[in-house]
Undergrad: 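Pasting in a structure now, in structure tokens, and then I'll have a few things to ask.
Residue numbers begin at 1 in each chain, while the letters A, B, ... track the order of the sequences. No experiment lies behind these values; they were computed from the predicted model shown.
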There are 2 protein chains.
Amino acid sequence: MSNKITIQRVAELANVSKSTVSRVLNNYPHVRPHVRARVQRVIGETGYQPNNIARLLASDRSSIIGLVISSDAQMVFRDPYFPALTEAVSTSAAAKDLVMALFVSHSEKQVRHSLSGIIAAGLFDGLILTADFKGDEMIPLLRAGEIPFVFIGRPGAADGIHYIDADNRQGGYLAASHLIKLGYRRIATIASAQNSAGDDRLSGYKQALAEHGMPICDALIAIGDYSLGSGYRGMKALLPRQPDAVFVASDTMALGALRALREAGRRVPADVALVSHDDLPPAAQADPPLTTIRQTINKTGARAVETLAQVINEGEALPLQQIVLPVELVLRASCGALQKQATA
Amino acid sequence: MSNKITIQRVAELANVSKSTVSRVLNNYPHVRPHVRARVQRVIGETGYQPNNIARLLASDRSSIIGLVISSDAQMVFRDPYFPALTEAVSTSAAAKDLVMALFVSHSEKQVRHSLSGIIAAGLFDGLILTADFKGDEMIPLLRAGEIPFVFIGRPGAADGIHYIDADNRQGGYLAASHLIKLGYRRIATIASAQNSAGDDRLSGYKQALAEHGMPICDALIAIGDYSLGSGYRGMKALLPRQPDAVFVASDTMALGALRALREAGRRVPADVALVSHDDLPPAAQADPPLTTIRQTINKTGARAVETLAQVINEGEALPLQQIVLPVELVLRASCGALQKQATA
DNA sequence: ACACTGACTGAAACCGGTTTCAATTTTGCG
DNA sequence: CGCAAAATTGAAACCGGTTTCAGTCAGTGT
């Protein structure tokens, strides 16, 4: 190790006890300014860095949080959603002087196993988990492990669980309402039943249709799994139904839908209008650029870290945090609104 | 904590000393099979899990490795390369019972700062770093920190540094040779000068041209930065030069190039053939699917973890590891070979 | 049977901090 | 100025393991 200087050595150099150095280190009160300054000078001069491991053993705090992403192997780093989320959490954690460790669990079985290991390791102050597979089977493990945790996305059984979610229902509602206002009549959707986000988006879509007195037709609902391929297949299945607009529940699936439409010779938005969900970078880069529902992943990550920090500090005392972040419609070419405006 | 059982408790229950339990735990010799079995039974019955922190403090090993990705903020989670690499390292680490912590440094300045912190924390057994910004300015810090480390990609000053790299030169060479063999005469490239991988790919491209007696024309060389946008701009700049084929140094840039070509009304591969590099998922999903040079990111990640583990264990004794992994050409539609075959 | 190995085992030191608690100052006030 | 209360400080215990070292015990060779 590069650092042979210990708290003991600093204490000697500053003519105080380890205890006092520790107090200075942790910004505790009850140290005379004079003494505090002297200790800090020694720390500065020696370049002393406390050994986190020892600190952790003694204080039962590691300043390490785990981000557990459990989803299909293919999925995780295919859909830009997870990388974006990972980056957001990593950055927010760093800003709070927390280290983020990343776990990617590929199969549901693996989740159980590695999660037990993660918890047992006792290394982490807390965990942030993504609510895929609806996340339910993890919850008993987490509860038993008595480890602070926060979900990103609403797990299936969300009772008494802290989570940060996007307002997916509102997302579906905004998207469908927007299409309705633009005058489309046969509005289909490519939904997903993988997790609560998918359910909510679908339910928002249905609500918008219902509120506008439009029939909800099962033939206009395709079910995908967030993959590009499933968007492609979903669109192919919908084509014979002659929809004039489609709400696709994720940008990635929308890219697949775009391909299906191009292959079928349908123009977007002239023949079929599209609104998708997420507003990840590919949405803006698609051809045509996608009108989409923006969920602010950075904020989601930041809130998750923040909330986890609170859980860690306050424990049971913290009132239940179930935070739903707003979403907004981002207007681009794929919904046809811009064209209509231009010709109007 | 869920686990109130300590090594002490196990020792009492098994009627032995902490020392013996520790020996059993670590598979040390000098424990009678009989005793060993008894201890193991108690461990099994109690579900005892050693506290890693304590173990680490005593043994100076954390079983945590850091993956440090330093690149432009936008870049890191935009190009699927990094997510793929992250996943590969995370998985390989997990297989070796190592925890991977992820650090994303956005600016070069930030690298220096956070790297010092990371090293000083003393939390990590070793680091895997990506060689962006050519990675040079990190090396002195790492050396001073006396922390085991391995690069993925070849840093600018690679003397005496362990690294795992793809055979990028061969990648550029294979791509260009392939296009030459298909009969293209005006073969352009969209290269990158960001890191050694970019340099090498360009140099392989040049070598192939030279070996086939073709002139190397600077007007046919555009410089990008691995982003989709830079591929788009690069292609636009090249179009007036009328290339009949382009080697694009990354899949992501190739997607940008595709868009530029589509906008210009040029068909791929009929008017302009494309070969790209990396073979990430989007390459297969592009329209048309991209012929590309496959680098096996999973293997790269696995070798990096493996090598780092060796460095950690053997230290100076380990001979210099500079591993170059082979690449291969993946044939798809964008190069025109399939069409030519069909019509032949 | 006897000294002599070498395999087992446990006591205690140690890793480098934090935290408790009692001792020692200081400070505040009457 | 004197005394109780509050603020400082340091000694020692503790976190939960690993490792050193010396002692114990069984197995050998003679």
Side-chain angles (χ1 to χ4, degrees), chain A residues 1-40 42-43 46-64 97 119-125 312-313, chain B residues 1-40 42-43 46-64 97 120-125 313:
Chain A
M1 294 291 124
S2 67
N3 236 331
K4 304 300 293 176
I5 328 161
T6 72
I7 198 174
Q8 181 62 51
R9 186 95 188 82
V10 173
E12 286 163 13
L13 290 173
N15 261 314
V16 294
S17 71
K18 296 199 307 178
S19 320
T20 300
V21 177
S22 176
R23 281 189 270 265
V24 171
L25 244 37
N26 295 289
N27 268 318
Y28 287 162
H30 304 311
V31 179
R32 271 179 307 183
H34 170 246
V35 175
R36 186 181 296 271
R38 176 151 42 93
V39 172
Q40 274 165 340
V42 173
I43 289 176
T46 56
Y48 165 71
Q49 293 279 148
N51 176 325
N52 283 339
I53 306 304
R55 167 176 265 176
L56 152 57
L57 172 60
S59 69
D60 220 28
R61 279 286 173 81
S62 69
S63 294
I64 308 180
D97 274 323
I119 295 172
L123 183 59
F124 300 94
D125 285 352
I312 293 172
N313 288 326
Chain B
M1 295 293 123
S2 67
N3 237 331
K4 304 301 291 176
I5 329 160
T6 71
I7 199 175
Q8 182 62 50
R9 186 95 188 80
V10 173
E12 285 163 13
L13 290 173
N15 262 314
V16 293
S17 70
K18 297 199 307 179
S19 320
T20 300
V21 177
S22 176
R23 281 190 270 264
V24 171
L25 245 37
N26 295 289
N27 269 316
Y28 287 162
H30 305 310
V31 179
R32 270 179 307 181
H34 170 247
V35 176
R36 185 182 296 271
R38 177 151 42 94
V39 172
Q40 273 164 343
V42 173
I43 290 177
T46 55
Y48 165 71
Q49 294 278 149
N51 176 325
N52 284 341
I53 307 305
R55 166 176 267 176
L56 153 57
L57 173 58
S59 69
D60 219 26
R61 278 288 171 79
S62 71
S63 294
I64 307 178
D97 274 325
L123 182 59
F124 299 94
D125 285 352
N313 288 325

Undergrad: Heavy atoms from C-beta onward define the side chain here; which of C/dT9, C/dG17, D/dG16 lies closest to that of B/Asn51?
TA: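 For B/Asn51, the side-chain atoms sit closest to D/dG16.
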
Undergrad: Is A/Ile5 close to A/Leu13 at the side-chain level, that is, under 4.5 Å between some pair of heavy atoms?
TA: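 In short, these two side chains do not touch, never coming nearer than 4.5 Å.
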
Undergrad: Around A/Arg9, counting heavy atoms of other residues, nucleotides and ligands shown, do more than 12 lie under 6.0 Å from its CZ?
TA: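 12 or below, so no.
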
Undergrad: For D/dT18, does OP1 or OP2 lie under 4.0 Å from any side-chain N or O of B/Ser22?
TA: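 For D/dT18, OP1/OP2 do have a side-chain N/O of B/Ser22 under 4.0 Å.
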
Undergrad: Just checking A/Thr20: base, sugar-phosphate only, or nothing, at a heavy-atom cut-off of under 4.0 Å?
TA: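 Sugar-phosphate only.
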
Undergrad: In whole angstrom, what separates B/Leu25's CG from C/dG10's C1'?
TA: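 Roughly 17 Å, once rounded to whole Å.
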
Undergrad: May I ask you to evaluate whether A/Arg55 reaches the phosphate of C/dG16, defined as a side-chain N or O under 4.0 Å from OP1 or OP2?
TA: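 So the side chain of A/Arg55 is outside the cut-off, no N or O lying under 4.0 Å from OP1 or OP2 of C/dG16.
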
Undergrad: Can you tell me how far C1' of C/dG17 sits from OH of A/Tyr48, to the nearest Å?
TA: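 My rounded result for the distance is 7 Å.
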
Undergrad: How close do B/Ala11 and B/Val21 get, heavy atom to heavy atom, and via which atoms?
TA: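 Heavy atoms of B/Ala11 and B/Val21 come nearest at CA-CG2, 3.7 Å.
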
Undergrad: Report the distance from atom CD1 of B/Ile5 to atom C1' of D/dG17, rounded to the nearest whole Å.
TA: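 Nearest whole value for this atom pair: 15 Å.
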
Undergrad: Return the value, rounded to whole Å, for the distance between atom NE2 of A/His30 and atom P of C/dT20.
TA: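 It works out to 12 Å between those atoms.
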
Undergrad: Roughly how many Å is it from CG in B/Asn26 to C1' in C/dC8, rounded to a whole number?
TA: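 It works out to 17 Å between those atoms.
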
Undergrad: In whole angstroms, how far is the C1' atom of C/dG6 from the CZ atom of B/Arg32?
TA: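 Those two atoms, CZ and C1', are 14 Å apart.
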
Undergrad: On DNA chain C, check which nucleotide each of B/Arg23 and A/Ile7 is closest to and give me the residue with the more 5' one.
TA: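 By nearest-heavy-atom nucleotide position, the 5'-most residue is B/Arg23.
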
Undergrad: With a cut-off of less than 4.0 Å, is there a side-chain N or O of B/Tyr28 near OP1 or OP2 of C/dC8?
TA: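 False: B/Tyr28 side-chain N/O out of range (4.0 Å or more) of C/dC8 OP1/OP2.
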
Undergrad: So which nucleotide from C/dG10, D/dA11, D/dG17 ends up closest to the side chain of A/Ser17?
TA: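 The answer is D/dA11, which lies nearest to the side chain.
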
Undergrad: For the side chain of A/Arg23 and the backbone of A/Tyr28, is there at least one donor-acceptor N/O pair under 3.5 Å apart?
TA: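 Not at all, since once roles are kept as given, no pair shorter than 3.5 Å links the two residues.
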
Undergrad: Looking at B/Thr46 and B/Val42, would you say the former's side chain and the latter's main chain have a donor-acceptor pair under 3.5 Å?
TA: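 It does hold such a pair.
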
Undergrad: Under 4.0 Å, heavy atoms only, any strand: does A/Val21 hit a base, just the sugar-phosphate, or nothing?
TA: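 Here A/Val21 touches no strand at all.
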
Undergrad: Is B/Ser19 near enough to C/dG10 that one of its side-chain N or O atoms lies under 4.0 angstrom from OP1 or OP2?
TA: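 For B/Ser19, the contact criterion (side-chain N or O under 4.0 Å from OP1 or OP2 of C/dG10) is not met.
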
Undergrad: Could you tell me the separation between the NZ atom of A/Lys18 and the P atom of C/dC15, rounded to a whole number of Å?
TA: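 In whole Å, C/dC15 P and A/Lys18 NZ are 10 Å from each other.
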
Undergrad: Between atom CG in A/Asn15 and atom C1' in D/dT9, what is the gap in whole Å?
TA: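 In whole Å, D/dT9 C1' lies 13 Å from A/Asn15 CG.
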
